[in-house]
Amino acid sequence: MILANAFCLFFFLDETLRSLASPSSPQGPELHGWRPPVDCVRANELCAAESNCSSRYRTLRQCLAGRDRNTMLVNKECQAALEVLQESPLYDCRCKRGMKKELQCLQIYWSIHLGLTEGEEFYEASPYEPVTARLSDIFRLASIFSGTGADPAVSAKSNHCLDAAKACNLNDNCKKLRSSYISICNREISPTERCNRRKCHKALRQFFDRVPGEYTYRMLFCSCQDQACAERRRQTILPSCSYEDKEKPNCLDLRSLCRTDHLCRSRLADFHANCRASYRTLTGCPTDNYQACLGSYAGMIGFDITPNYVDSSPTGIVVSPWCSCRGSGNMEEECEKFLRDFTENPCLRNAIQAFGNGTDVNLSPKNPSFQATQAPRVEKTPSLPDDLSDSTSLGTSVIATCTSVQEQGLKANNSKELSMCFTEVRTRR
């Protein structure tokens, strides 16, 4: 009996040691040949150090120069180069948003993957590393910032978007970059040119890429109980310069323009990857990841495809790029589908509501409908400076706002949206 027990113990220890000694590896035949991904800049360095990979990569870049995919694949040398590179680290490489060499990384990624796609796809794979965090510290902080858990009576009267602007002013980096984009986007070039949109977009990209989400998310996705708060939220990106134009272009034309730029193309692909509506998940998001969706949305601000709130309704959350589907011809169905990914997207809507509430709530029903509830459009009212309550009369707020602009040495736009003048960029003591 003792010998039998000893034998069983020996056998158990032997199997345990074997399992510990054997290296862990991905399971399943579908992951055969799996390689841990590296960023594309590093993958390019690894490829350059290997003669076969390096020469094939040079060949592929020459093949893609000025040719469409079908023309390229007719050439056997181009096809052979693509097949070899699919087995290299370049094929699995990804990029990180805001990384030091982001544009270079994205150029390398698309040089491989544009040769793999069959024509222009409706949804493209994201070149960015997936977001693994779920309801992270940003959302836990939102619970404090938005007043969730506080006295409901006090929270209901609070202007959370105003609070977000004040919080930004208490952070040197946030205040500096916000003041910069307000100044640039609000600077009139001539009587016929309201601003320099290109510079405005660049300043906005710097703000949303370099300022932590605990500040930027609060300004973009703050919850509102009244129109004044919602208008301040809509004015966050100074839409008269960064968003609106005299006419709305066709949405598919706007998408095509975006895809000619590696950065814009990547941000749009990332938005579709993380915010595309899903009926198979509880939240309506592809992986039930609100943070990934909100980050992808913010990442599109500062490009031609920039989205924004369509009105100042405090309850009906509807966002859209500045485009329409007029003139789509036989592509109207595809255009409407593209536009609905913004205007009637339960994933994006739920993510914005969850952040504003500071909780993982307002989940999609089992059979969510894309039909969004949109409140009637209302006349625009100027955003209020942060030293005035939202009950302040309109005339008083305009005077205080423009006085603030004069103090900062900024030139106010002669537009209907007097909220271009913000007093919250001043230092409060």
Side-chain angles (χ1 to χ4, degrees), residues 39-41 93-114 117 120-131 133 138 177 181 185 197-213 216-217 219-221 236-239 242-243 249 251-277 285-287 289-309 319-323 337-343 345 347-348 351-352:
D39 77 71
C40 295
V41 176
C93 73
R94 291 294 183 272
C95 303
K96 292 181 180 180
R97 180 180 154 191
M99 63 185 292
K100 187 175 182 180
K101 297 181 179 180
E102 182 179 359
L103 182 57
Q104 180 185 350
C105 184
L106 294 172
Q107 289 172 338
I108 295 169
Y109 174 89
W110 290 114
S111 69
I112 297 293
H113 289 268
L114 285 181
T117 57
E120 188 170 356
E121 297 183 337
F122 191 90
Y123 294 122
E124 295 181 320
S126 173
Y128 292 108
E129 294 181 0
V131 176
I138 291 180
L177 291 175
Y181 85 70
C185 299
R197 175 169 287 196
R198 182 182 60 82
K199 290 184 177 180
C200 175
H201 278 174
K202 182 179 180 180
L204 281 168
R205 291 197 301 270
Q206 289 177 339
F207 177 76
F208 286 104
D209 282 349
R210 298 180 183 178
V211 176
T216 60
Y217 283 23
M219 296 173 65
L220 275 180
F221 310 123
T236 296
I237 64 171
L238 279 76
S242 68
Y243 177 68
C251 292
L252 295 183
D253 291 342
L254 191 65
R255 183 185 68 176
S256 296
L257 178 63
C258 175
R259 286 180 171 178
T260 62
D261 176 81
H262 286 312
L263 265 175
C264 187
R265 183 176 205 142
S266 301
R267 299 297 175 88
L268 179 60
D270 197 54
F271 171 76
H272 282 145
N274 291 313
C275 291
R276 186 167 60 196
C285 295
T287 56
N289 194 331
Y290 283 154
Q291 183 176 338
C293 179
L294 295 181
S296 298
Y297 175 91
M300 289 190 295
I301 296 175
F303 295 94
D304 291 320
I305 204 76
T306 295
N308 196 29
Y309 297 92
V319 300
S320 173
W322 184 260
C323 66
K337 180 181 178 183
F338 174 82
L339 192 55
R340 283 197 301 271
D341 278 337
F342 294 90
T343 60
N345 187 331
C347 169
L348 179 59
I352 293 173

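For the numbers below, each heavy atom of this structure counts, side chains included, while hydrogens, waters and symmetry mates do not.
With a 4.5 Å cut-off on side-chain heavy atoms, P249 and W322 count as touching. In this structure, R198 and K202 have side chains that are not in contact, with every pair of non-hydrogen atoms separated by 4.5 Å or more. Y297 is not listed as a side-chain neighbour of I352, based on a closest heavy-atom distance of 4.5 Å or more. Put simply, the side chain of W110 reaches to within 4.5 Å of the side chain of E124, judged on heavy atoms.
A donor-acceptor pair under 3.5 Å is formed between the side chain of S242 and the backbone N or O of I237. The closest donor-acceptor contact from the side chain of S266 to the backbone of P127 lies at 3.5 Å or more, if one exists at all. Checking side-chain atoms of N308 against main-chain N and O of Y243 turns up no donor-acceptor pair under 3.5 Å. In this structure a side-chain-to-backbone donor-acceptor pair under 3.5 Å is missing from Y109 to D39. Side chain of Y290 to backbone of C285: no donor-acceptor contact under 3.5 angstrom is found.
Atoms CZ and OH, from F221 and Y309 in turn, are 6.0 Å apart once rounded to the nearest 0.5 Å. For the atom pair L348 CG and N274 CG, the distance stands at 11.5 Å (nearest 0.5 Å). To the nearest 0.5 angstrom, E129 atom CD is 14.0 Å from R97 atom CZ. Separating the SG atom in C258 from the CG atom in L252 is a distance of 12.5 Å, to the nearest 0.5 Å. Of the inter-residue distances, the one linking R340 atom CZ with S320 atom OG reads 12.5 Å to the nearest 0.5 angstrom. The CG atom of L294 sits 5.5 Å away from atom OH of Y217, with the distance rounded to the nearest 0.5 Å.
The aromatic rings of F338 and H272 stand perpendicular to each other, their planes meeting at an angle above 60°, with 30° marking the opposite boundary.
Contact detail for Y181 and T236: the closest heavy-atom pair is OH-O, 2.6 Å. The two residues Y128 and R94 make their nearest non-hydrogen contact at O-CD, 4.0 Å. Minimum interatomic distance between A298 and F208 (heavy atoms only, all atoms of both residues): O-CB, 4.2 Å. Among all heavy-atom pairs drawn from M300 and F342, the shortest one is CE-CE2, 3.5 Å. D304 and L254 get closest at one heavy-atom pair: O-CD1, 3.5 Å. Here the closest heavy-atom approach between residue H201 and residue T306 is recorded as NE2-OG1, 4.0 Å.
Less than 2.5 Å separates the SG atom of C200 from that of C185. Sulfur-to-sulfur, C40 and C95 sit at least 2.5 Å apart at their SG atoms. As summarised for C275 and C347, their two SG atoms remain at a distance no smaller than 2.5 angstrom, missing the threshold.
In summary, E102 and R267 engage in a salt bridge, as defined by a charged side-chain N under 4.0 Å from a carboxylate O. Residues D341 and R276 are not paired through a salt bridge, judged by the lack of any N-O separation under 4.0 Å between the basic side chain and the carboxylate.
Under the side-chain contact (heavy atoms from CB on, under 4.5 Å) test applied with T216, the options V211, L177, I301, D209 reduce to a single match, V211.
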Output, in order, the C-alpha distance, side-chain angles, deciding distance and verdict of side chain to side chain contact (heavy atoms under 4.5 Å, CB included) for L268 and F303. CA-CA 10 Å; L268 179 60; F303 295 94; over 6 Å; no
